[in-house]
2 protein chains.
Amino acid sequence: MLSKKTQYAFHALIHLAENADKGPVLISEIAQEKNISIKFLENILLELKNAGILGSKKGKGGGYYLMRTPKEIPLARIIRLLDGPIALLPCVSLNYYERCETCKNEAVCGLNEVMSKVRDATLKLLENKTLKDILTRN
Amino acid sequence: MLSKKTQYAFHALIHLAENADKGPVLISEIAQEKNISIKFLENILLELKNAGILGSKKGKGGGYYLMRTPKEIPLARIIRLLDGPIALLPCVSLNYYERCETCKNEAVCGLNEVMSKVRDATLKLLENKTLKDILTRN
DNA sequence: CATAAATCCTATAAAAACTATAGGATATAG
DNA sequence: CTATATCCTATAGTTTTTATAGGATTTATG
């Protein structure tokens with residue numbers, strides 16, 4: 001399961017995308033709208049900003065805004081940033097790979113093979129679906 | 001990522017499948033072979049037994065053994081038993097569903113839609129691939 | 001320049017989950 | 001009867017997750 005952090009990030013990004021025309025959005029506005037602890041959300045938005053996904057403006061009239069269009073932000077990017085690996089095992093992770101301690105040869109490990117397929121199926125969706133795809137449909 | 005518990009369970013099940021002809025296998029043998037804490041493994045095997053996946057025999061000559069053929073044990077069963085939900089969000093989980101607090105209508109939630117697809121793609125593999133599929137290939 | 005508004009930054013607290021260990025109870029083979 | 005092995009439940013230790021705190025910094029505005 002995705003952490004609360006990542007879940008909150010998605011909801012915040014949705015709010016920012018849906019209010020992109022109104023200039024910078026206050027943390028407090030997002031927190032209230034999405035029922036998120038304001039201080040927790042602050043840390044999350046800061047991380048998204050440091051990763052280049054969001055921009056911000058300080059002082060009066062300030063707030064957060066998207067640095068790219070929703071279509072350019074794949075869901076996998078957000079998950080990896082806040083949750084880490086998407087794969088089910090370290091030995092099949094593309095971005096957080098760790099060698100399997102137990103098995104002698106990953107190339108002939110059946111578990112490795114199946115979990116690689118799960119990873120591929122998951123990534124096919126999460127790399128191609130973007131913030132645009134999770135905005136309210138209508 | 002899958003917990004150590006589930007990872008250990010897979011390795012233990014593989015060992016049991018590959019030694020099914022030799023009668024009950026000792027916890028200590030599996031622990032040594034797969035480098036798992038014997039006491040931790042004991043708890044895991046007990047859980048698998050209570051779920052009907054393994055059988056056991058006490059006393060001299062005792063140990064654990066599979067209650068079904070490897071082909072009859074889907075990977076999803078093991079993961080759900082030891083790790084819980086396979087889905088990335090509570091609101092798209094089939095076995096551990098929880099209503100989404102934030103969104104008003106899950107039927108039109110784009111996040112729900114994408115994560116449902118991820119779940120379906122993952123389950124298609126994990127429900128159909130079994131212990132048999134992760135045994136060493138040769 | 002002074003002030004208020006807002007993010008920035010880092011530390012830490014609180015809670016939960018995960019990993020591991022302990023030790024006696026129970027059953028069984030011989 | 002004894003040794004062997006699982007059964008069972010409690011608890012300890014560690015890490016991760018979730019949340020909070022509070023001062024520093026930047027900026028708009030009068």
Side-chain angles (χ1 to χ4, degrees), chain A residues 1-12 16 22-32 34-67 79 81-85 88-90 96 101-102, chain B residues 1-12 16 22-32 34-67 79 81-85 88-90 96 101-102:
Chain A
M1 302 263 284
L2 299 177
S3 66
K4 287 280 183 190
K5 206 165 162 180
T6 299
Q7 293 182 43
Y8 291 161
F10 280 136
H11 286 124
L16 288 172
K22 295 171 193 147
V25 179
L26 292 182
I27 299 175
S28 55
E29 178 185 319
I30 304 172
Q32 179 160 22
K34 302 291 186 177
N35 267 291
I36 307 171
S37 146
I38 186 172
K39 272 299 197 176
F40 194 29
L41 181 59
E42 188 182 314
N43 292 327
I44 296 168
L45 296 182
L46 196 54
E47 245 178 296
L48 290 170
K49 185 212 153 195
N50 290 334
I53 294 160
L54 296 182
S56 69
K57 201 183 161 195
K58 288 182 175 178
K60 190 161 190 178
Y64 279 96
Y65 50 88
L66 295 175
M67 285 292 278
I79 295 175
L81 178 66
L82 300 174
D83 252 28
L88 293 181
L89 294 178
Y96 300 83
E101 297 297 330
T102 304
Chain B
M1 302 265 283
L2 299 177
S3 66
K4 287 281 182 190
K5 207 167 163 178
T6 298
Q7 294 181 42
Y8 291 160
F10 280 137
H11 285 123
L16 288 171
K22 297 172 193 146
V25 179
L26 293 181
I27 299 176
S28 55
E29 177 185 321
I30 304 172
Q32 180 161 20
K34 302 291 186 178
N35 267 292
I36 307 172
S37 147
I38 187 170
K39 273 300 199 177
F40 194 29
L41 181 58
E42 189 183 313
N43 292 327
I44 296 168
L45 296 182
L46 196 56
E47 244 177 298
L48 291 169
K49 186 213 154 194
N50 290 334
I53 294 161
L54 296 182
S56 68
K57 202 183 161 195
K58 288 183 179 178
K60 191 162 189 177
Y64 280 97
Y65 49 88
L66 295 176
M67 286 292 278
I79 296 176
L81 178 66
L82 300 174
D83 252 30
L88 293 181
L89 293 178
Y96 300 83
E101 297 296 331
T102 306

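Residues A:Ile79 and A:Phe10 form a side-chain contact, since some pair of their non-hydrogen atoms from C-beta on lies under 4.5 Å apart.
With rounding to the nearest 0.5 Å, the separation of CD1 in B:Ile38 from CG in B:Leu45 is 10.0 Å. A:Asn50 CG to A:Leu46 CG: the interatomic distance, rounded to the nearest 0.5 Å, is 5.0 Å. Distance check: A:Lys34 NZ to A:Gln7 CD gives 13.0 Å after rounding to the nearest 0.5 Å.
The shortest distance between the side-chain N/O atoms of A:Ser56 and the OP1/OP2 oxygens of C:dA6 is not below 4.0 Å. Proximity of B:Ser37 to the phosphate of C:dT19: no side-chain N or O atom is located under 4.0 Å from OP1 or OP2. Contact check, B:Ser28 against D:dA5: no side-chain N or O comes under 4.0 Å of OP1 or OP2. Put simply, A:Tyr8 has a side-chain N or O that comes within less than 4.0 Å of OP1 or OP2 on D:dA19.
Within a 6.0 Å sphere centred on CE of A:Met67, other residues, nucleotides and ligands contribute 12 heavy atoms or fewer.
The residue among B:Glu42 and B:Asp83 whose nearest nucleotide of DNA chain C is located toward the 5' end is B:Asp83. Where A:Gly61 and A:Thr6 each meet DNA chain D at their nearest nucleotide, the meeting point lying more 5' is that of A:Thr6.
Atom CG in B:Leu46 sits about 16 Å away from atom C1' in C:dA20, given to the nearest Å. Distance, B:Ile44 CD1 to C:dT19 C1': 9 Å, rounded to whole Å. Rounded to a whole Å, the CE atom of A:Met1 is 11 Å from the P atom of C:dA17. When the P atom of D:dG23 is taken as reference, atom CG of A:Asn43 falls 17 Å away, rounded to whole Å. Rounding to whole angstrom units, NZ of residue B:Lys60 and P of C:dA29 are separated by 12 Å. Between the P atom of C:dA22 and the CZ atom of B:Phe40 lies a distance of 14 Å, rounded to the nearest Å. Distance, B:Leu26 CG to C:dA29 P: 14 Å, rounded to whole Å. Residue B:Lys39 contributes atom NZ, which lies 15 Å from atom P of D:dT11 at whole-angstrom precision.
Nucleic acid contact for A:Lys4: sugar-phosphate only, since backbone atoms but no base atoms lie under 4.0 Å from a heavy atom of the residue. At the heavy-atom level, A:Leu45 lies nowhere under 4.0 Å from the strands shown.
The base of C:dC9 is not paired with the side chain of A:Glu47 by any donor and acceptor separated by under 3.5 Å.
Of the listed nucleotides (C:dA27, C:dT19, D:dT18), C:dA27 has the atom at the smallest distance from the side chain of B:Lys58.
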